[in-house]
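Just so it is clear, the values below take in all heavy atoms, side chains as well, and ignore hydrogens, waters and symmetry mates. So you know, we letter chains A, B, ... as the sequences are listed, proteins then strands, and number each from 1.
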Amino acid sequence: MLRLIPDTDGQQADTLLEGLNPSQAQAVRTTDGPVLIIAGAGSGKTRVLTYRMAYLLRSGVHPDHILALTFTNKAAQEMKERIGHLVGANIARNIWAGTFHSIFARILRKEADHLGFTSSFTIYDTDDSTAAIKQVMGQLGISQQVIAPNAVRGRISNAKNSMMSWQEYARNADSIVEKQTGQIYEEYEKRLAQSNAMDFDDLLINMIRLFEHHPQVLAAWQQRFRYLLVDEYQDTNRAQYKVVNMLAKAHRNICVVGDDAQSIYRWRGADIRNILDFERDYSDATVVRLEQNYRSTKVILAAADAVIKNNAKQLKKSLWTENPEGEKITLLSCRDDREEADMVVRTIRSRMDNHGYSSRDVAILYRTNAQSQALEDALRRHNMAYHIVSGVSFYKRKEVKDTIAYLRLLVNPSDSESIIRVINEPARGIGQTSLERLQETAVTSGRTLYDVMLDVDSVVGLQKRIAQSVRDFIGIIERSRSLLETMSPSELAKHYIESTGLPQMYKLQDTDESLDRWNNIERVLDHLSEQEDLDPDLTLTTYLEQIALVSEADDPALGSNRIALMTMHAAKGLEFPLVVIAGMEQGLFPLAKAEQDIGEQEEERRLFYVGITRAREQLVLSYAERRYRFGELVFSRPSMFLSEIDADCFSASSRPMRSATPSAAPTQPLNQQAQQHRQQQYSSSQRGKGGYSSTPMSTPRAFNVPKPRSSNEYSQVPADESFSQTGEGTTIRPGDRVKHPMFGVGTVLTLSGSGQQTKVTVQFSNGTRKQLVLAYARLDVL
DNA sequence: AGAGCGTCGCTTTTT
DNA sequence: GCGACGCTCT
């Protein structure tokens, strides 16, 4: 082992091994050379990773020499936090641990000049990329009707992920569409370069370019990162694989962790070969299998195992647990999506009441984001506190994007996409025609749009009045640019955004919607100063990078006591005592697209596996016989995945969901129905087909519901009566301190109305006073 | 240039 | 069922 500090604390490092099982200890202890850790769900992977890093540190490895790459910000954050607990926050802070994209962005900023970028290059998200592609298509005269810009973006992204340049792409193009895509790809690349911007894929590709063309740069980073750790290795794509292996080449201390059964990002270019072939890449690799599950009950594991074993391709491993048998799985059979949502919420409610779960112990998972709508409605109807883990929405709002575009221009005026976005927002009289004139001039003179605008007199055929508008617009940016060095980012941003007139525009419109938008702008600025308080070295560039690469950026909901709603993709790496998976239907989960394609189907199945294994104690599955999709009512059969789970895993209690059931099969006792239903499932799985041959409407509505005690909740008791409280059963009273996600902290002044209509008046500390409908306002009592 | 109306595509998942 | 976008009219 490479020791930088003469050791006296080797012993101290070994104390970390206490309390780990033998495989875990081996994974922690084997610090040198290549290591592959195959970590089953719930096998203590994060623990092993953090202990391993702590072990390295305690063995005298300098924090600077460790690099940990994760897939999500969430994972990186958790890792840092937990290392902090083990070795102290100020040591942990120095470790480079982050997502591929953020770590690479950081490196690329330092090395930008090698690639012809400046260190304040802009990072384009998918929307920005699409916008740029539209511009390019317009420029090339390719109709957006014929080729969808979004599809082009996807194709270009795929090409980049498999490291195919536009030259190669064009060379291999057969069809007209591919040839045109090749052209667009080329122009798009040029446009990005001229805009001093990189898209998500470029953050990976440019790392490869950098290392290939500048061996001395690679050598320096290899010297720096002597211990590499890669989480979720099964989800890496070819480009990520390449960078990691280039970095690892010098010291070969590379430790990758993954679980092929949880590979769910194939669609994004993840290449499962990366993990399957690790032993081929490093023939001297130590392979450690973590197979003991500490998270879930036996029932849940059995269900997960039964599901995943239908996949042909997987590494062998057998997960086991010493945990108790646990409660059986509940299946909720519902008429439609609205009823499903209602039943899901009622079931959660009763579990909370009977098992002492609080809101933070519960997660509702689904396949598509669109499903959250019905569930949210139901949660609101029942006055239960929830939060959606997805986050993107805030940063997708127009006013927020505009604000960010303005900020980007401050640090990177070459960013033409941002100029186009905000040049006429608020209206400055610079419309389509004038913009085109400016762009033409830029193209013909080979200058950036911004440079052309700085020298607006050189543009021919521009109205005088409009030229003046351009000068004014440029003036706003230039004035604030000159203050970049002297003011703090948050102060500068505040004045600058004010000077653009954007917030005033919304404030003057004075409608509910426009005030909302105004508020969102303030939120961005507040967030910036918050981040600045956390990190005094924060620059505008790093802030912008942060929000470009963070999906669920605003996470004040983290740690708050609320039911979590999210896609199964977003749930990876998390765990909850009670998990509900909604929408277990053919065509939705698995998606229709996957029904034909075995590869896709296996990926869906892995996703289901991920979903199931998020549950610690209780699992509830639900499906609806019909639901609204694309605004249309669609009928569907229960998911084939349901029939892959052993009948024994499901709850035998056979109480019907509602009194209406007998009409479905009036002559049969209910428990026989359940029996029959399960047999049907079983035999259908034998046949290897979807099963559920009965028409949707006559599917026996059986085996359900946890406790007999709660039965009347499912009969005809008016829905809302019993739950007319705020979430978690807390009651709000005047004088209470509360927190609102948008308006911040405040004090409750008055309460009026009752039930659903309860309104609260809150005096917020930012001076505003608001009347809010309790059921809708997401207030946390402090 | 901007408002108003109609069409279209969207819903798979994320950095 | 919604939002983004494009077309037309003013």
Is there aromatic stacking of A/F630 on B/dC10 here, judged by a ring-centre distance under 5.5 Å and a plane angle under 30°?
no
For A/R266, the side chain to side chain donor-acceptor pair (under 3.5 Å) test, sequence neighbours excluded, returns none
For A/S120, the side chain to side chain contact (heavy atoms under 4.5 Å, CB included) test, sequence neighbours excluded, returns A/T118, A/V411, A/T541
By the 4.0 Å heavy-atom rule, please label A/L203 as base, sugar-phosphate, or nothing. nothing
Looking only at B/dT15, B/dT12, B/dT14, the nucleotide nearest the A/A570 side chain is B/dT14
The nucleotide from B/dG2, B/dT14, B/dA1 with an atom nearest the side chain of A/H569 is B/dT14
On a whole-Å scale, what distance lies between the P atoms belonging to B/dT13 and C/dA4?
16 Å
- Query: Just checking A/F100: base, sugar-phosphate only, or nothing, at a heavy-atom cut-off of under 4.0 Å?
  - Reply: nothing
Those residues at least two apart in sequence (or on a different chain) that pass side chain to side chain donor-acceptor pair (under 3.5 Å) with A/D202 are A/K160
Below 3.5 Å is the cut-off: list the nitrogen or oxygen pairs between protein and nucleotides 5-10 of chain C, distance only.
| unit_1 | atom_1 | unit_2 | atom_2 | d |
| --- | --- | --- | --- | --- |
| C/dC5 | OP1 | A/K134 | NZ | 3.1 |

Taken in chain and number order and not counting sequence neighbours, the residues that satisfy side chain to side chain contact (heavy atoms under 4.5 Å, CB included) with A/E545 are A/A105, A/R109, A/I123, A/L549
Each base of DNA chain B marked ( ) or [ ] if paired in-strand (Watson-Crick or G-U under 3.5 Å), | if paired to another strand and . if unpaired gives ||||||||||.....
Q) Has the side chain of A/R367 got a donor or acceptor that lies under 3.5 Å from a partner of the other kind on the base of B/dT11? A) no
If we only count heavy atoms from C-beta on, is the A/T500 to A/P503 side-chain gap below 4.5 Å?
yes
For this session: Give a yes/no verdict on a cation-pi contact between A/R606 and A/Y609, requiring under 6.0 Å between NZ or CZ and the six-membered ring centre and an angle within 45° of the axis.
Result: no
With sequence neighbours left out, the residues meeting side chain to side chain contact (heavy atoms under 4.5 Å, CB included) with A/D597 are A/E600
Over all strands shown, is A/S434 touching base, sugar-phosphate only, or nothing at heavy-atom distances under 4.0 angstrom? sugar-phosphate
Residue set satisfying salt bridge (charged side-chain N to carboxylate O under 4.0 Å, His left out) with A/E575, at least two apart, ordered chain then number -> A/R295, A/R616
Residues passing the side chain to side chain contact (heavy atoms under 4.5 Å, CB included) test with A/D535, sequence neighbours excluded, are A/D537, A/L538
